[in-house]
There are 2 protein chains.
Amino acid sequence: MSDLLERLLGRGWRMTSQRRVVAEVLSGDHIHLTADEVHARAVRRLPEISRSTVYNTLGELVSLGEVAEVSTDGRAKRYDPNARRSHQHLVCSGCGIIRDVHPVGDPLAGLPAEQRFGFTVSGAEITYRGLCPSCA
Amino acid sequence: MSDLLERLLGRGWRMTSQRRVVAEVLSGDHIHLTADEVHARAVRRLPEISRSTVYNTLGELVSLGEVAEVSTDGRAKRYDPNARRSHQHLVCSGCGIIRDVHPVGDPLAGLPAEQRFGFTVSGAEITYRGLCPSCA
DNA sequence: TCCTACGATGGACAGAGTCCAAGTCAATAA
DNA sequence: TTATTGACTTGGACTCTGTCCATCGTAGGA
């Protein structure tokens, strides 16, 4: 059983075959699937699963903090199961592939007080852009 | 005439009343309008302007590098006329207001070679999140 | 085993954006 | 100034992504 699934059971998540399949599809590293892609893979294992259920389940996983929403291109949101470890993303401008990366240092350090306009700044998301080895 | 408009004329951009209005709407600092908002403001000055034309014109301004697309919330893209000066964004998690900010240092410096997975990294977009003075 | 509240379903709907055929017009040439 | 023409504009249909809701089904406790 996957890590994610184990944690969800530990939280008393009501388990159904649909939820199990969605959680299984979202296992692994560098996984950044759109809701439609999650649905497509879920359907292979459970042909009757509906689009609504996938959306509901993804939304719940996000609320629980187990999965993060990533939108690197203004198109469909992507779902990243690696939400517990803070990380950023490196995106290929050619093919769109996404890698999880762990920059060094505190990203908030680069924003001096006079650039904060009185905001209480709590976090930063960084999207690095470039070309992957195949596209370069 | 606005800066933007002047530069466009200098590039030999074919000028029409529609394009002029869109360029005028997109003038100023800390402007981050959605395509629909641009259209709404353009209609006040030129009631017949169509949604398609606004989309076409915005797309072209982005291609020319005069305007940047910003998507901070996975909803509608926003258009930022301040594209020539590199900057990042500070977004209020409460009301969604966006400020342009200029962090110090090179954002790419935080990504060590072993975290680049062979990519040729060319840029980074940073979205700082927090609460604005009104929402705090 | 039975109940029932929670979850799943699917179809309608909404928001954002793209595409295209047809009509219009800015800019150039004569 | 007028004619010409290729670029621009229009509006409607369409796609994609996501949300909502009434109804049905079922996991898990009694």
Side-chain angles (χ1 to χ4, degrees), chain A residues 1 5 8-26 32-64 66-80 96, chain B residues 1 5 8-26 32-64 66-80 96:
Chain A
M1 179 187 308
L5 221 38
L8 292 170
L9 286 176
R11 288 182 183 226
W13 213 44
R14 179 162 164 183
M15 190 51 61
T16 66
S17 53
Q18 292 84 350
R19 288 178 164 199
R20 184 192 318 280
V21 165
V22 169
E24 283 171 359
V25 165
L26 281 177
H32 305 94
L33 301 172
T34 64
D36 250 23
E37 288 165 353
V38 172
H39 181 240
R41 296 189 185 200
V43 160
R44 288 188 212 146
R45 308 190 191 193
L46 193 65
E48 322 78 49
I49 192 172
S50 75
R51 226 168 50 100
S52 293
T53 297
V54 170
Y55 274 104
N56 289 343
T57 304
L58 289 173
E60 218 165 328
L61 290 172
V62 170
S63 300
L64 290 171
E66 293 290 349
V67 164
E69 280 180 355
V70 184
S71 54
T72 55
D73 62 353
R75 303 190 58 76
K77 288 178 197 162
R78 294 181 172 274
Y79 292 87
D80 183 342
Chain B
M1 179 185 308
L5 222 39
L8 292 170
L9 286 176
R11 286 182 183 228
W13 213 45
R14 179 162 164 184
M15 190 50 60
T16 66
S17 53
Q18 293 85 349
R19 289 177 165 196
R20 184 193 319 280
V21 165
V22 170
E24 282 170 0
V25 165
L26 282 176
H32 306 93
L33 301 173
T34 64
D36 251 23
E37 288 165 353
V38 171
H39 181 239
R41 297 189 185 202
V43 160
R44 289 188 213 147
R45 308 191 192 192
L46 192 66
E48 323 77 50
I49 193 172
S50 76
R51 227 167 49 97
S52 291
T53 298
V54 171
Y55 274 105
N56 289 343
T57 306
L58 289 173
E60 218 165 328
L61 290 172
V62 171
S63 300
L64 291 171
E66 293 289 349
V67 164
E69 281 180 355
V70 184
S71 54
T72 56
D73 62 352
R75 303 190 58 78
K77 288 177 195 162
R78 295 182 171 275
Y79 293 87
D80 182 343

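Chain naming here is simple, since letters A, B, ... match the order of the sequence lines and numbering starts at 1 in each. Not measured: the values here are computed from a predicted model.
Arg41(B) pairs by the salt bridge (Lys or Arg N to Asp or Glu O under 4.0 Å) definition with nothing, not counting sequence neighbours.
Considering only heavy atoms from C-beta on, Leu8(B) comes within 4.5 Å of Leu61(B) through its side chain. Inter-residue side-chain proximity for Glu60(A) and Trp13(A) is flagged as met; some heavy-atom pair is nearer than 4.5 Å. Between Ile49(B) and Val22(B), some side-chain heavy-atom pair lies under the 4.5 Å cut-off. The shortest side-chain heavy-atom distance between Leu9(A) and Met15(A) falls under the 4.5 Å cut-off. Taking 4.5 Å as the limit, some side-chain heavy atom of Val43(A) sits within range of a side-chain heavy atom of His39(A). Residues Thr57(B) and Gln18(B) have side chains not in contact (no heavy-atom distance under 4.5 Å, counting atoms from C-beta outward). Proximity of Leu33(B) to Tyr79(B): side-chain heavy atoms (C-beta onward) are nowhere separated by under 4.5 Å.
Residue-to-nucleotide proximity on DNA chain D shows that, of Asn56(B) and Gly74(B), the 5′-proximal contact is made by Asn56(B). Residue Leu46(A) is the one, among Arg78(B) and Leu46(A), whose nearest nucleotide of DNA chain C lies closer to the 5' end (criterion: closest heavy atom).
Residue Arg19(B) has its side chain nearest to dT9(D) when only dT9(D), dA8(C), dT17(D) are considered.
Across all their heavy atoms, Leu5(B) and Ala23(B) have their closest contact at CD1-CB, 3.3 Å.
What separates CD of Glu48(A) from C1' of dC24(D) is a distance of 15 Å, to the nearest Å. For the pair Leu58(B) CG and dT18(C) P, the computed distance is 10 Å after rounding to whole Å. At whole-Å resolution of the value, CD1 in Ile49(B) and P in dC8(D) are 14 Å apart. Distance His39(A) NE2 to dC16(D) P: 15 Å, rounded to the nearest Å. When the P atom of dG7(C) is taken as reference, atom CG of Leu8(A) falls 12 Å away, rounded to whole Å. Rounded to an integer number of Å, the gap from Tyr55(B) OH to dA13(D) P is 18 Å. Here the P atom of nucleotide dC16(D) and the NZ atom of Lys77(A) are 19 Å apart, to the nearest Å. To the nearest angstrom, P of dT17(D) lies 17 Å from CG of Asp73(B).
Of the side-chain N and O atoms in Gln18(A), none sit less than 4.0 angstrom from OP1 or OP2 of dG25(D). The shortest distance between the side-chain N/O atoms of Ser50(A) and the OP1/OP2 oxygens of dT9(C) is below 4.0 Å.
At a threshold of 4.0 angstrom between heavy atoms, the contacts of Arg51(A) include nucleobase atoms, whether or not backbone atoms are also involved.
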Dump every N/O contact between nucleotides 26-30 of chain C and the protein below 3.5 Å, one line per pair.
unit_1: dA26(C); atom_1: O4'; unit_2: Arg14(B); atom_2: NE; d: 3.4
unit_1: dA26(C); atom_1: O4'; unit_2: Arg14(B); atom_2: NH2; d: 3.3
unit_1: dA26(C); atom_1: O3'; unit_2: Met15(B); atom_2: O; d: 3.3
unit_1: dA26(C); atom_1: N3; unit_2: Arg14(B); atom_2: NH2; d: 3.4
unit_1: dA27(C); atom_1: OP1; unit_2: Met15(B); atom_2: N; d: 3.3

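In the helix from dT1(C)-dA30(D) to dA30(C)-dT1(D), the rotation axis of the first five pairs and that of the last five pairs differ in direction by 20°, rounded to 10 degrees.
Look at Arg78(A) and Glu69(A) and you find no salt bridge, because none of the NZ, NE, NH1 or NH2 atoms lies under 4.0 Å from a carboxylate O.
Between the side chain of Ser52(A) and the base of dG11(C), a donor-acceptor pair under 3.5 Å is found.
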